[in-house]
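Side chains are part of it too, since the values below use all heavy atoms of this structure and drop only hydrogens, waters and symmetry mates.
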Amino acid sequence: MSILSTLFGTKKPAAVEPERVNEIVSAEPHLARPIRVAVYREASITYESGYRRKGVVMDFADKDLRIRFPTNEALPPVVNVHARAVGLEGEADLVWQNNSEAGLRVRG
């Protein structure tokens, strides 16, 4: 007797009845958001007061981007984004912030 049959037994599982299957899994999952492009490009943001911070764009999609900063400073709700390397510039809303990373959505 092998160790696998000792641990798991030798009984074969029963076949699954088709009516018990609730959902068929497709090769392409339903995504809640568009696929994001992973990058590592320099960017900066400017507050309304003129204060400027540099960071790194980690990934982006359409008008959304995730940016990482060297410090954990809290961002204001609206900033100006300058991320020419990924083609995103303009006024952006803060969607979320977790420590030194933030999710921004460019307006327009």
Got [X] and [Y] here, is their nearest side-chain heavy-atom distance under 4.5 Å?
X: Leu88; Y: Phe60; answer: yes
X: Leu104; Y: Val79; answer: yes
X: Val78; Y: Tyr47; answer: no
X: Glu73; Y: Tyr51; answer: yes
X: Leu65; Y: Val81; answer: yes
X: Glu91; Y: Val106; answer: no

Answer yes or no: are there more than 12 heavy-atom neighbours, outside Arg41 itself, under 6.0 Å from its atom CZ?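 12 or below, so no.
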Distance-only, no hydrogens or angles: does the Asp59 side chain make a donor-acceptor pair with backbone N or O of Val37 under 3.5 Å? no
Mark yes or no for whether Gln97, through its side chain, and Leu75, through its backbone, hold a donor-acceptor pair below 3.5 Å.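 Checking the backbone N and O of Leu75 against the side chain of Gln97, a donor-acceptor pair under 3.5 Å is found.
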Nearest heavy atoms of [X] and [Y], plus distance in Å:
X: Arg36; Y: Asp64; value: NH1-CB, 3.8 Å
X: Phe69; Y: Ala102; value: CE1-CB, 4.3 Å
X: Ile67; Y: Ala43; value: CD1-CB, 3.9 Å

Exactly one candidate in Lys54, Arg53, Arg84 meets salt bridge (Lys or Arg N to Asp or Glu O under 4.0 Å) with Glu42; the answer is Lys54
Could you walk me through whether Trp96 and Arg105 satisfy the side-chain contact (heavy atoms from CB on, under 4.5 Å) test, starting with their C-alpha distance in whole Å, then the side-chain angles of each, then the deciding distance to 0.1 Å, before giving a yes or no? CA-CA 10 Å; Trp96 59 268; Arg105 179 168 293 132; over 6 Å; no
Supply the atom-to-atom distance Asp93 CG to Arg107 CZ, rounded to the nearest 0.5 angstrom. 4.0 Å
Using side chain to side chain donor-acceptor pair (under 3.5 Å), reason through Ser44 and Arg52 one step at a time and then give a plain yes or no. CA-CA 7 Å; Ser44 64; Arg52 188 178 185 112; 2.9 Å; yes
